[in-house]
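Encoded as structure tokens, the structure appears first; notes follow it.
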Amino acid sequence: MATFHIPEEYYYTKDHEWAQVDENIVTVGVTEFAQQALGEIVYVELPEEGQKVNQGEPFGVVESVKAVSDLYAPVSGTVIEVNTSLTDDPAVLNDNPMNDGWLIRIEMDSEKELANLMRSPDYKKLIAEAK
Amino acid sequence: MSTLRRTILAQEHENAGARMVDFAGWWMPVQYQGLREEHETVRTKVGLFDVSHMGEVWVRGPKSLSTLEWLTTNDVAKLKAGEAQYSLLPNAEGGLVDDIIVYCVTPGQEYLVCVNAANTDKDFAWMNANNRGADITNESHLWSQIAVQGPQARTLLERVFPGHGIVQTPPFHFLKLAFAGQTCWLATTGYTGEAGGEIFVPNSTAVELWRTLLSKGQNLGVAPIGLGARDTLRTEMKYSLYGHEIDDKSNPYAAGLGWVVKPSQKDFIGKTAMVAGKEQGLKKALVGFKMLDKGIPRQGYSLWSKEGQEIGQVTSGTVSPTLDEPIGIAYIATAYQPVDSEFWVDIRGRKAKAKVCKTPFVATKP
């Protein structure tokens with residue numbers, strides 16, 4: 001089994017998004033496990049700045065050659081920044097999902113919602129079971 | 001997972017690190033190294049596919065020909081020994097039970113019918129229910145099947161089965177061979193548009209044949225290919241996939257398969273309904289298209305006219321690894337069938353412009 005980079009300070013969703021929290025700003029991406037399962041990503045559809053997103057609801061789409069997969073918001077809030085470079089070069093999501101492949105930044109409505117997310121030990125357990 | 005069926009070669013795929021998925025109830029490799037890389041291997045070198053999940057139904061005896069004429073749409077009587085033919089199993093309403101290949105071992109005596117994995121049990125039951133006195137046996141559990149496809153496929157097959165003139169054998173032929181003391185059948189057919197063949201091999205020697213093909217093809221760049229690339233390869237050729245382009249409601253004329261329907265030559269199940277559907281004027285046609293706006297078409301997405309009318313539906317869509325652009329196959333109102341007709345695809349609520357194009361999307365040398 002491949003070893004995945006799963007930083008301890010990040011939060012995780014059951015749908016394999018990661019969330020890095022800096023005060024009330026949350027940077028969102030997909031995990032290394034997700035990018036590997038998706039295969040070569042060829043298209044990314046992201047929301048506009050200013051758009052509202054809700055925890056657990058789809059905010060965008062990634063497509064591999066084979067399939068379409070929804071992206072789910074780890075927290076509710078307002079999109080304040082979008083990684084538009086992914087639209088031109090979606091392969092960055094495969095090459096570097098944890099850094100350059102970030103998707104959006106959300107201004108979080110309530111940090112209470114973080115309690116609904118997983119920390120790294122639970123996420124590690126989840127992907128071990130998914131294998 | 002315990003209910004999934006494993007091909008004889010499943011362990012080989014797992015050992016090679018393939019990503020395995022449930023496909024039509026079978027535990028199958030979807031990709032090994034990466035879909036695009038595998039796709040390119042088949043277009044430029046040679047790839048091996050485990051297609052052991054496909055079904056093999058034998059039709060034998062003095063009534064084999066008349067039974068197959070009744071069961072299928074194409075002209076079985078014209079097949080000589082060693083010839084193969086793409087065909088359809090129609091239902092009573094003129095729709096399709098499956099698409100198949102009929103291989104002629106001995107005219108009027110013995111034929112092999114290769115059917116889709118997901119349809120094997122249904123097809124076998126249908127063929128029996130409409131049998132006109134032939135001896136029909138489902139031998140799917142006894143046979144493995146390996147497809148060898150690509151510009152170097154014939155060279156590889158010649159190395160493994162020397163002395164049969166494989167390099168000179170044209171497409172849609174069928175040879176009886178021996179491998180490791182067992183009878184095999186090599187058909188010069190495939191699902192990629194490339195040269196090559198499909199080998200029917202008894203389960204007991206399938207692993208040995210798979211390994212031999214890999215080792216003898218090493219300096220040709222051979223690699224195992226997953227179902228992911230199998231799908232992009234066939235989509236680039238606009239080959240129909242049952243459950244996508246065709247199903248039990250499909251009229252083969254609308255699906256562009258009229259060339260394998262021979263109503264003037266013979267009688268067959270559902271002929272009246274099928275021909276009536278054509279004579280009443282087809283409302284839709286299967287076309288290939290490309291996107292003018294951004295977006296990837298997918299099965300089930302709707303098509304729209306400039307005037308805002310719904311005019312069709314996508315049956316298959318992907319990004320073509322060869323062309324590196326989105327391509328799609330769709331049923332569209334016949335007014336929009338001509339090449340360059342423009343229309344819109346509803347991609348998750350957004351209308352993206354597209355146009356009908358020539359197919360196959362990619363030129364190959366079969």
*Please state whether the side chain, the backbone, both or neither of T87(A) comes within less than 4.5 Å of a heavy atom of chain B.*
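For T87(A), the contact with chain B is made by backbone and side chain together.
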*asked:* Counting only non-hydrogen atoms closer than 4.5 Å, does E40(A) touch chain B with its backbone (N, CA, C, O), its side chain (CB onward), both, or neither?
replied: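 Side chain of E40(A) only, per the 4.5 Å heavy-atom cut-off to chain B.
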Determine whether more than 12 heavy atoms belonging to other residues, nucleotides or ligands lie under 6.0 Å from atom [atom1] of [X].
X       : atom1 : answer
E9(A)   : CD    : yes
Q313(B) : CD    : yes
Q218(B) : CD    : no
E111(A) : CD    : no

*Taking heavy atoms only and a threshold strictly under 4.5 Å, list by residue number the residues of residues 28-35 of chain B that touch chain A; give 'none' if the list is empty.*
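Residues in range: V30(B), Q31(B), G34(B), L35(B).
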*So which part of T318(B) gets closer than 4.5 Å to some heavy atom of chain A, the side chain, the backbone, both or neither?*
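For T318(B), the contact with chain A is made by backbone and side chain together.
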_Which portion of R298(B) sits near chain A, non-hydrogen atoms under 4.5 angstrom_ =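 Contact with chain A is through the side chain of R298(B) alone.
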*Of the non-hydrogen atoms in Q36(A) and R19(B), which two are nearest, and what is the gap between them?*
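Heavy atoms of Q36(A) and R19(B) come nearest at O-NH2, 3.7 Å.
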*Contact winner vs chain A - V319(B), D231(B), I296(B), T232(B), heavy-atom pairs under 4.5 Å*: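 Answer, by heavy-atom pair count under 4.5 Å with chain A: I296(B).
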*Run the salt-bridge test on E45(A) and R350(B) with the 4.0 Å N-O cut-off and return the result as yes or no.*
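Judged by the 4.0 Å cut-off on N to carboxylate O distance, E45(A) and R350(B) do form a salt bridge.
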*Take E325(B) and V42(A), measure what side-chain contact (heavy atoms from CB on, under 4.5 Å) needs, and give me the verdict at the end.*
CA-CA 9 Å; E325(B) 63 177 324; V42(A) 291; over 6 Å; no
_So, using side-chain hydrogen bond (donor to acceptor under 3.5 Å, both in side chains) as the criterion, who are the partners of E81(A) when residues are at least two apart?_
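Checked E81(A) against side-chain hydrogen bond (donor to acceptor under 3.5 Å, both in side chains); matches are R105(A).
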